[in-house]
Amino acid sequence: MTADKQTPWWKRMLSTIWHYWWRFWRRFHLTRWLIIVVLVMTLISVTYLTIVAKTSHVRDLQANLSRSTEIYDQDGARAGKLYAQKGTYVKADKISPHLADAILSTEDRNFYREHGFSVKGYGRAVMLAITNRLMGRNQISGGGSTISQQLAKNTFLSQQQTISRKFKELFIAIEIENIYSKRQILTMYMNNAYFGNGVYGVQDASRKYFGMDADELPVQDAAVLAGMLQNPSNNPIDHPAAAKQRRNVVLQLMADNHKIPKSKVKAYQAMPLGTKDTFNVGNNYRYPYYFDAVINEAINKYGLSEKAIMNNGYKIYTNLNQQQQQSFQTDFKNPNLFPQNAADGTEVQAASVAVDPKTGGVQAVVGGRNKDVFRGFNRATDIKRQPGSTMKPLAVYTPALENGFKYDSELVNKKLSYGKNRYTPKNINDVYTGKVPMYKALAQSLNAPAVWTLDQIGVNKGFESVQKFNLPVTKKDDNLALALGGLSTGVSPQQLAGAYTAFANHGKLTKPFYITKIVDSTGKTIVNNEGATPSQIMSPDTARQMTSMMLDVFNYGTGTTAKPAGYQVAGKTGSTEADSSTDADATRDKWIVGYTPDVVVATWEGFDSTNADHHLENLSGTGVNSLFKHQMEQILPTTDQQQFKVRDSASLVAAKQQRERRATDPDSDSSWVQRAETLNGKVWDKGSSLTAKAVQKARSLLGF
């Protein structure tokens, strides 16, 4: 047999394939092309990473780290600061040299001999990354990051362990080395490092664990802090044995690195930990729900990251009214203003927001009765609940006035069925009077006339009206249930307050917002927000008539027990049924939104999860009305206390009826008196800026 025949067939096939492949490779110079592709990819990657490093604002790093982000109120007064990943910043001469020696001995012995990265460490990290990738793990392990790399990661990058992040870390570290001295870099690192228990920076860590300033740390205590950098949970308070063991390792490394005499190592290792906690974070995060909302707006509206907000030393100017915010927070801590807890102890929840109707600026917000949690759930901005009868002014009566109805128009108040599905709205008391004037239907929150009115003007007009009020509706909501607040997604208190700004602002809608300006640590203004331009969504006359009717809500309607003593407030109440309960009085949500020309306040009350054991009782004068009354009595004195330039509808109707009686009575006053009374009525009907006092003076001049 020949040699070819003795060679296995599969080897002959592979040899043939290789022969033709090699000819193809050489013919088209694929080696050169491969080199070109690798070089191009390398050039693109290096260019991209260089751009990342150059645009990371490294030059501002020291200024950012040395300042805390501060929040300012509507008057420019400091309201608090954001602590988070920033401790008390101290300069290099205020830090014990023992601490720098301990950190360099454990974290980066070659710190002063490298330019931001270790070739050996980086090669090790790349090999580990490749190994993890081959094994299906999208992460890196270890890698021996230098001090500069750790600073770059902690201040500019996420903690996600990927090879792309590792290369970004490298280029930013080199940029840091290009701009700052080694002493500056080490100082920034020590001020930004995490030491467990929510403590950042060596000054606060020294106070937390040893009750002294950072410049007072002896060798053994400095070794404890340096040992915590790789595992902050092993701190001397929570895990003293582990902390001591790690301290002793650090002390040995310091001796090996010639930072302490080897003859003293055992003496240092034998010393007790001597833990003492004198750290006090202070009360800078004074208004948690408001500050959380500010952070969320900075992230969602202006594209800032949470890390940048917390660490970059911004000055954030807001619409905050500290008096109103403090009163809100005090009220929410008062159990007497809320219904009793459920049988199992679950608290009734609530949320409130106060908005300036002229600008849309949110002046105060509280999102629950919970223990404060950083960026926790804020019911004032995050919940989506059915608005109930607070929707009637938006979906029914505003478009009705815009389409020919008047505040005293007669509405049908009968139990009627509509459409193929026989939709039959019922009044709360199941009592019907045949007809009712619009202002009474609104004040008493009657369901039947509201649905009848929406049917008369057309559901589509009501749907379009709700859209104009900037509330979230979908095609599913384009039906008669819209009149009673039957929305598919629901609304938040902040959205509802925003909708009612149009009534308080002559028909102009403003959108709620928190931030007015953001200034970075260099003094540059990066955000300048005066709020969105108000939208004229209804005529001023319609807004006046709506206010006139909604004054009656608090005078004799469903909001009587919520009326603040000594003040005129317009608005609307609302509630929704708890479908999961067999109790006829079971209520899922209670709402009240009220306004003056100066402020709009929306308050919601209910359980987070409504069921047979967790619901409100639909009893007039309890719960949300008491809370709202107390809130407004505290808030309104802090406003300009502008008065409405329109009377309530009941008074307008009474005056109108009196004029009509005088006009038909032959024994009535002279024609001049009648004309004066007619003028008086027209003044109030049209919401003129003339006051009753001015009208009375005019009458006295005429001698009447």
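Heavy atoms only: backbone and side chains are in, while hydrogens, waters and symmetry mates are out.
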Using distance alone, with no hydrogens and no angle criterion, decide if [X] and [Y] have a side-chain donor and acceptor under 3.5 Å apart.
| X | Y | answer |
| --- | --- | --- |
| Asn248 | Gln252 | no |
| Asp331 | Asn334 | no |
| Thr146 | Glu114 | no |
| Tyr200 | Asn191 | no |
| Tyr180 | Gln62 | no |
| Glu177 | Ser148 | yes |
| Asp608 | Gln349 | no |

Self-check item: Asp356: side-chain contact (heavy atoms from CB on, under 4.5 Å) partners, not counting sequence neighbours
Solution: Lys358, Thr359, Gln363

Quiz item: Under the side-chain contact (heavy atoms from CB on, under 4.5 Å) test, which residues partner Ser492, sequence neighbours left out?
Solution: Lys384, Gln494, Gln495

Quiz prompt | Where at least one partner belongs to residues 210-222, residue pairs that pass side chain to side chain donor-acceptor pair (under 3.5 Å), sequence neighbours excluded | solution = Gln203-Asp213, Arg207-Asp213

Exercise. Decide side-chain hydrogen bond (donor to acceptor under 3.5 Å, both in side chains) for Tyr89 and Asp204; before the verdict, give the C-alpha distance in whole Å, the side-chain angles of both, and the deciding distance to 0.1 Å.
Key: CA-CA 9 Å; Tyr89 196 94; Asp204 290 349; over 6 Å; no

Self-check item: Verdict with supporting geometry, Asn529 and Phe513, side chain to side chain contact (heavy atoms under 4.5 Å, CB included)
Solution: CA-CA 9 Å; Asn529 177 33; Phe513 72 104; 3.1 Å; yes

Quiz item: Do Arg78 and Glu70 sit within salt-bridge range, that is, some charged N less than 4.0 Å from a carboxylate O?
Solution: yes

Quiz item: Which is it for Gln324 and Thr638 under the side-chain hydrogen bond (donor to acceptor under 3.5 Å, both in side chains) test, yes or no, and what are the steps along the way?
Solution: CA-CA 7 Å; Gln324 294 183 9; Thr638 71; 3.2 Å; yes

Extract all donor-acceptor atom pairs below 3.5 Å that involve side chains of residues 96-105 and protein atoms in other chains or at least two apart in sequence.
from   : atom 1 : to     : atom 2 : distance (Å)
Ser96  : OG     : His98  : N      : 3.2
Ser96  : OG     : Leu217 : O      : 3.0
Ser105 : OG     : Asp101 : O      : 2.7
Ser105 : OG     : Asn257 : ND2    : 3.3

Taking [Y]'s backbone N and O only, do any of them form a donor-acceptor pair with [X]'s side chain (distance below 3.5 Å, no angle check)?
| X | Y | answer |
| --- | --- | --- |
| Gln325 | Val365 | yes |
| Asp382 | Asn378 | yes |
| Gln329 | Gln326 | no |

Practice problem: Taking side chain to side chain donor-acceptor pair (under 3.5 Å) as the test, write out the residues that go with Ser352, two or more places apart. | Solution: Thr603, Gln631

For residues 42-49, which side-chain N or O atoms pair as donor and acceptor with protein atoms under 3.5 Å away, sequence neighbours left out?
from  : atom 1 : to    : atom 2 : distance (Å)
Thr42 : OG1    : Val38 : O      : 2.7
Ser45 : OG     : Met41 : O      : 2.9
Thr47 : OG1    : Leu43 : O      : 2.7

Exercise. Please state whether the rings of Tyr287 and Phe291 are parallel, tilted or perpendicular, taking 30° and 60° as the class boundaries.
Key: perpendicular

Self-check item: Reference residue Tyr514; test ring-ring contact (aromatic ring centres under 6.0 Å, His included); the match among Tyr290, Tyr302, Tyr317, Tyr72
Solution: Tyr290

